[in-house]
**Student:** 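Have a look at the structure that comes next, please.
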Amino acid sequence: MAMAGILLTGCHSSEKNYREAYEKAMERRQTGVGAETYAKIEAERQKYTTVINGDSVRLVYVNANVAIDSTDTAMPYNVVVATFSQRINAKSYRDRLREECGLKGSYVLYGGNDKQYFVVAQGFADKEAAGAFLHDINNRVCLKILEPLPWILRKI
């Protein structure tokens, strides 16, 4: 009986296992790039690029299109809260935004130089409205935001 208990508990993934796998993946991502260079690349990627309504925000111009539901309509200014390289993960996060946070207007864009899926919490016609949403994002999005800093994607 004890042996069965050991076998059952030995098969479960633990938080430690996930953490180790994540750290290995991050190391592979940094392969060939020194820690200092990688830190500079990340800082550049996340820097603030414009001022909207008195707040410094990251606004990036990206050639992207709606990726999952053809019924979704992309707005010019999009508040991005997560990026994924796999469509299924982006769709799942978008669905959670819609169901758990009540953000029925969330959608997924696909494109950019890295061919990524961008999960948009909400799209807007002008950058001032997107900036106001971004300023109050912690009160509007109930999920953990997966981007280090949520940002605005200007669809081109």
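In what follows, every heavy atom counts, from backbone to side chain, and hydrogens, waters and symmetry copies are set aside.
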**Student:** So, for Ser106 and Asp72, which heavy atoms are closest and what is the spacing to 0.1 Å?
**Tutor:** O-OD2, 4.4 Å
**Student:** What residue among Leu146, Ile137, Val120 forms side chain to side chain contact (heavy atoms under 4.5 Å, CB included) with Val81?
**Tutor:** Ile137
**Student:** For Asp136, is the CG atom crowded, meaning more than 12 foreign heavy atoms sit under 6.0 Å from it?
**Tutor:** yes
**Student:** Could you walk me through whether Met75 and Tyr107 pass side-chain contact (heavy atoms from CB on, under 4.5 Å), step by step?
**Tutor:** CA-CA 10 Å; Met75 300 298 284; Tyr107 49 89; 3.8 Å; yes
**Student:** Is the ring pair Phe124/Phe133 parallel, tilted or perpendicular, if the boundaries are 30 and 60 degrees?
**Tutor:** tilted
**Student:** Please find the pair of heavy atoms, one from Arg98 and one from Asp69, that lie closest to each other, and give the distance.
**Tutor:** NH1-OD2, 3.8 Å
**Student:** Would you indicate whether Lys104, at its atom NZ, is surrounded by more than 12 heavy atoms from other residues, nucleotides or ligands within a distance under 6.0 Å?
**Tutor:** yes
**Student:** side-chain contact (heavy atoms from CB on, under 4.5 Å) for Asn53 and His135? Distances and angles first, verdict last.
**Tutor:** CA-CA 9 Å; Asn53 301 329; His135 179 75; over 6 Å; no
**Student:** Of the non-hydrogen atoms in Val108 and Lys91, which two are nearest, and what is the gap between them?
**Tutor:** CG2-N, 4.5 Å
**Student:** Answer yes or no: does atom CD1 of Ile156 have more than 12 heavy-atom neighbours from other residues, nucleotides or ligands under 6.0 Å?
**Tutor:** yes
**Student:** Test Arg94 against Leu103 for side-chain contact (heavy atoms from CB on, under 4.5 Å), laying out the working first.
**Tutor:** CA-CA 9 Å; Arg94 186 233 26 212; Leu103 295 170; over 6 Å; no
**Student:** In Å and rounded to the nearest 0.5 Å, what is the CG to OH distance from Asn63 to Tyr110?
**Tutor:** 11.5 Å
